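Everything numeric in this text was worked out from a predicted model, so none of it was measured.
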Amino acid sequence: MPADERTLARQAEITGHPPRITAKQTDEVVAAAREQLAKIVGAASGKPVDLDQVPIPEMLLTVMCHGELFKRLADVSVFLLQEPSLPKRDRQLAILRTAWLLGIPYIWGEHVRVSRNLGLGSEDIEQATVGSTSPHWTAHERAVVRAVEELRESAMISDATWAVLAQQYDDKQLFELPVLVGQFSTVGYFQNALRIPLSPGNEGLAAR
């Protein structure tokens, strides 16, 4: 389904303007950014990657203005992608719903691609834009999506949603879900605030 005017306007608000911090291209910055790129792509794909000849996204060259902080943020993202206790499908549903609710073009576009590679279909991705009211979901998946919505609305998960999640999740997974939502919200905050340009092939909020 094509993106609507509201979605296109949201994307233009963020990506239709120059970045607020200029990306650096020194040898030191490029080397540090390439190291982070290998970690992140390897975690998302589930296999080692050789990115010596791959262009570095402007996002990584930009955030290297505070490289030590970004490395620590990236370590959490890599852990959540590489060593999750949550099922990968649940993880991707949570990330997609977070990105859509907050209007984060970069994360939405990248994780549509990741989700497809992990077996999510077009309808899964489309219904992530609809949310927990969609009849598409199982009861458990609806609770995952609703948990994201509740965290966004009130920084809390309701007893009813928690009870459904607890039918399938152990304590470790129940802890990891809100951390996952919080982590990708944090990443989205700085991507949007810095007006990070989309990488080639990333369609942002129009991706399906």
Side-chain angles (χ1 to χ4, degrees), residues 2-45 49-82 91-92 94-117 125 128-129 148 151-152 179-208:
D4 60 24
E5 290 185 8
R6 183 177 177 181
T7 300
L8 294 175
R10 170 61 173 177
Q11 182 149 316
E13 175 189 10
I14 296 162
T15 64
H17 303 270
R20 285 171 162 163
I21 294 178
T22 302
K24 305 298 189 295
Q25 296 278 357
T26 66
D27 290 345
E28 181 181 2
V29 166
V30 170
R34 193 173 297 285
E35 179 183 353
Q36 293 303 310
L37 180 63
K39 288 181 182 179
I40 294 167
V41 173
S45 64
V49 292
D50 181 0
L51 299 174
D52 286 345
Q53 305 305 316
V54 175
I56 301 172
E58 190 168 340
M59 190 270 284
L60 288 174
L61 296 173
T62 301
V63 297
M64 284 303 142
C65 66
H66 198 336
E68 288 305 313
L69 175 59
F70 179 75
K71 287 176 186 177
R72 284 160 175 74
L73 281 170
D75 284 345
V76 177
S77 293
V78 167
F79 178 84
L80 291 169
L81 292 171
Q82 199 167 43
R91 179 194 73 195
Q92 290 308 125
I95 293 172
L96 288 174
R97 189 60 180 152
T98 299
W100 189 261
L101 284 176
L102 272 66
I104 308 167
Y106 201 106
I107 291 178
W108 175 266
E110 290 297 330
H111 279 272
V112 164
R113 182 162 43 194
V114 171
S115 296
R116 286 192 173 280
N117 289 339
I125 293 165
T129 71
V148 176
L151 286 165
R152 169 65 178 153
V179 171
L180 175 74
V181 175
Q183 172 69 5
F184 279 85
S185 296
T186 298
V187 173
Y189 291 156
F190 76 71
Q191 288 177 342
N192 283 1
L194 272 57
R195 288 183 167 147
I196 300 289
L198 298 174
S199 300
N202 183 338
E203 298 180 74
L205 298 173
R208 292 294 186 274

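- When all heavy atoms of Ile14 and Gly103 are compared, the pair lying nearest together is CD1-O, 3.4 Å.
- Annotation: side chain of Phe70 is in contact with side chain of Leu60 (closest heavy-atom distance under 4.5 Å).
- The NZ atom of Lys39 lies 7.5 Å from the NZ atom of Lys71; values are rounded to the nearest 0.5 Å.
- Separation of atoms CG (Asn192) and CZ (Arg20) is listed at 9.5 Å; rounding is to 0.5 Å.
- Arg116 approaches Ile125 most closely through the heavy-atom pair CG-CD1, 3.7 Å.
- Within the model, atoms CD1 of Ile104 and CD of Gln11 stand 12.5 Å from one another, a figure rounded to the nearest 0.5 Å.
- With hydrogens and angles disregarded, no donor-acceptor distance shorter than 3.5 Å links the side chain of Arg97 to the backbone of Val181.
- Side-chain N or O atoms of Arg152 include none that pairs as donor or acceptor with a backbone N or O of Thr98 at under 3.5 Å.
- Arg113 contributes no side-chain N or O that, together with a main-chain N or O of Asn202, makes up a donor-acceptor pair within less than 3.5 Å.
- Between atom CZ of residue Arg91 and atom CG of residue Leu81 there is a gap of 5.0 Å, rounded to the nearest 0.5 Å.
- Nearest approach of Ile21 to Thr62, heavy atoms of both residues: O-CG2, 3.7 Å.
- The shortest heavy-atom contact between Gly109 and Ala207 is CA-CB, 4.1 Å.
- Listed here is the closest heavy atom pair of Ile40 and Ala74: CD1-CB, 4.5 Å.
- Here NE2 of His111 is found 10.0 Å from OH of Tyr106. Values are rounded to the nearest 0.5 Å.
- A 4.5 Å side-chain heavy-atom check between Gln25 and Leu61 finds at least one atom pair inside the cut-off.
- Evaluation of the side-chain hydrogen bond (donor to acceptor under 3.5 Å, both in side chains) test over residues 181-190, restricted to residues two or more places apart or in two chains, returns Ser77-Gln183.
- Rounding to the nearest 0.5 angstrom, the gap separating the CE atom in Met59 from the CE atom in Met64 is 8.5 Å.
- With hydrogens and angles ignored, the 3.5 Å screen pairs no side-chain donor or acceptor of Arg208 with any backbone N or O of Val112.
- Of all non-hydrogen atoms in Trp100 and Leu205, the two that sit nearest each other are CZ3-O, 3.5 Å.
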